[in-house]
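Atom set for the values below is all heavy atoms of this structure, side chains included, hydrogens, waters and symmetry mates excluded.
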Amino acid sequence: MDQPNNRIERWSKIAAFVATLATILSGLSAFQVSRFETKLKEVQAERELNFRIYTSIADALESGDPKRVMAVRGIVEAMASDNIKPKFLEALEPAIVSVYEEEQLALIETRPIDESVDDEDTASPEALPDEEVEAPTPGPTPAVAEGTTSIPWGDWDFDIFWCAGGGLNAENDANKIRAWLQRDGAQGRIRTRILPSSINQQAGYKVKGYEIRRSTEEAGMANRLETFLRNIEGVGKYPWVQRTTTQNTPWYISVFICPQTRE
């Protein structure tokens with residue numbers, strides 16, 4: 001009598017184990033299916049978003065509107081998938097260059113280059129060929145230079161360039177500098193401008209880092225500006241340097257923010 005009972009008990013345990021194992025396998029299978037479905041939905045959502053961005057790029061390029069082009073570029077930087085973002089930015093590059101050139105033309109019209117400068121130097125008022133840009137000279141920071149903080153901004157014009165390779169962080173820094181200058185009473189034209197990757201690769205640019213470019217006669221205002229930049233939270237930590245150009249664009253200084261994250 002005991003032997004059949006033991007056999008039944010043993011088979012009952014085996015049946016219970018099999019049932020438990022089946023439940024675990026069923027749950028694991030359901031989890032895997034759920035994870036697959038979630039991943040599939042993510043991929044589909046990503047593709048749909050990229051398609052919408054692509055459509056926005058096409059519309060912006062067709063419109064030729066600089067504001068739309070720059071707005072779409074911001075969307076690409078913030079939302080496009082990493083694997084396709086470079087291609088989107090590449091497609092936008094010619095339009096971005098056109099935006100830059102239009103702004104450059106406005107600069108030349110409002111701040112003509114000194115006539116004493118040779119014609120061959122008039123292509124890029126805010127940046128010169130490498131051989132015409134003096135390397136920065138190490139020395140005390142303008143923060144301790146006598147009299148620099150008392151120079152008024154007046155009607156000086158400032159272009160704050162942010163390199164396309166720097167992405168949204170560089171653009172945000174440029175906007176911050178503009179806001180601080182305006183808040184501090186600067187009355188001139190203060191613009192934040194993108195520096196397209198293809199332009200920065202040309203002679204006269206090749207900016208890597210954080211620069212202030214000015215003529216020899218503009219040293220006082222450039223020192224004032226560097227002092228100011230070094231006291232802006234989040235911007236002052238950058239290794240700012242000054243570079244002297246041979247071109248003379250009166251009452252105009254350019255700033256470059258090029259962290260070189262992608263270029």
Listing, residues 58-65 side-chain donor-acceptor contacts under 3.5 Å, not counting sequence neighbours, or none:
| unit_1 | atom_1 | unit_2 | atom_2 | d |
| --- | --- | --- | --- | --- |
| Ser63 | OG | Ala60 | O | 2.8 |
| Ser63 | OG | Asp65 | N | 3.2 |
| Asp65 | OD1 | Lys67 | N | 3.0 |

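Counting only N and O atoms by type, the side chains of Glu226 and Gln242 include a donor and acceptor under 3.5 Å apart. A donor-acceptor contact closer than 3.5 angstrom links the side chains of Ser81 and Asn50. Glu93 and Ser198 share a side-chain donor-acceptor pair at under 3.5 Å. Side-chain contact, Arg214 with Thr244: a donor N or O sits under 3.5 Å from an acceptor N or O.
Looking at heavy atoms from C-beta onward, Pro86 lies out of side-chain contact with Phe88 at the 4.5 angstrom threshold. For the pair Tyr100 and Arg193, the minimum side-chain heavy-atom distance is below 4.5 Å. Put simply, the side chain of Ile253 does not reach to within 4.5 Å of the side chain of Arg213, judged on heavy atoms. Side-chain contact between Ile199 and Phe161 is absent, with no heavy atoms from C-beta onward closer than 4.5 Å. Annotation: side chain of Tyr210 is not in contact with side chain of Val241 (no heavy-atom distance under 4.5 Å). Using a 4.5 Å heavy-atom threshold, the side chains of Ile57 and Val69 count as separate.
For the side chain to side chain contact (heavy atoms under 4.5 Å, CB included) test, residues two or more places apart in sequence or in another chain that qualify with Asp82 are Lys85. For Gln182, the side chain to side chain contact (heavy atoms under 4.5 Å, CB included) criterion is met by Arg178, Ile190, not counting sequence neighbours. Checked against side chain to side chain donor-acceptor pair (under 3.5 Å), Glu217 has the following partners two or more places apart in sequence or in another chain: Ser215. When the side chain to side chain donor-acceptor pair (under 3.5 Å) test is applied to Trp153, the partners found at least two apart in sequence or on another chain are Asp184.
The heavy-atom pair separating Ala174 from Trp162 by the smallest distance is CB-CD1, 3.8 Å. The minimum heavy-atom distance between Ala164 and Ile194, with the atom names listed, is CB-CD1, 4.0 Å. Of all the heavy atoms in Leu195 and Cys258, the pair that sits closest is CD2-SG, 4.5 Å. Scanning all heavy atoms of the two residues, the minimum distance from Gly165 to Ser197 falls at N-OG, 4.2 Å.
Placement of Leu89 and Leu168 in two distinct hydrophobic clusters is found when ILVMFWY residues are connected by side-chain heavy-atom separations under 4.5 Å, directly or transitively. Linking ILVMFWY residues whenever their side-chain heavy atoms come closer than 4.5 Å, directly or via other members, places Met79 and Ile96 in the same cluster.
Looking only at distances, no side-chain donor or acceptor of Glu233 sits under 3.5 Å from a matching main-chain atom of Asn231. Formation of a donor-acceptor pair under 3.5 Å by the Arg230 side chain with backbone atoms of Val235 is not found in this model. Between the side chain of Asn200 and the backbone N or O of Tyr205 there is no donor-acceptor pair closer than 3.5 Å.
Note: Arg243 CZ to Glu211 CD = 4.5 Å, rounded to the nearest 0.5 Å. The structure places CG of Asn83 at 6.0 Å from CD of Glu46, a figure rounded to the nearest 0.5 Å. Between the OG1 atom of Thr192 and the CG atom of Asn175 there is a distance of 4.5 Å, given to the nearest 0.5 Å. Rounded to the nearest 0.5 angstrom, Asn223 CG and Glu218 CD are separated by 11.5 Å. To the nearest 0.5 Å, atoms OG (Ser56) and CD1 (Ile75) are separated by 5.5 Å. Atoms CG and OH, on Asp157 and Tyr252 in that order, are 8.5 Å from each other to the nearest 0.5 Å.
The local environment of OH in Tyr54 is sparse, with at most 12 non-hydrogen atoms from other residues, nucleotides or ligands closer than 6.0 Å.
Residue pairs satisfying the salt bridge (Lys or Arg N to Asp or Glu O under 4.0 Å) criterion with at least one member in residues 162-177, sequence neighbours excluded, are absent.
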Let's go through Glu103 and Asp159 carefully: what are the C-alpha distance in whole Å and the side-chain angles of both, what is the deciding distance for side-chain contact (heavy atoms from CB on, under 4.5 Å) to 0.1 Å, and is it a yes or a no?
CA-CA 10 Å; Glu103 294 173 340; Asp159 272 351; over 6 Å; no
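Geometrically, Arg189 does not engage Phe158 in a cation-pi contact defined by less than 6.0 Å to the ring centre and at most 45° from the axis.
Using bins of under 30°, 30° to 60° and over 60° for the plane-to-plane angle, the ring pair Phe228/Trp180 lands in the perpendicular bin.
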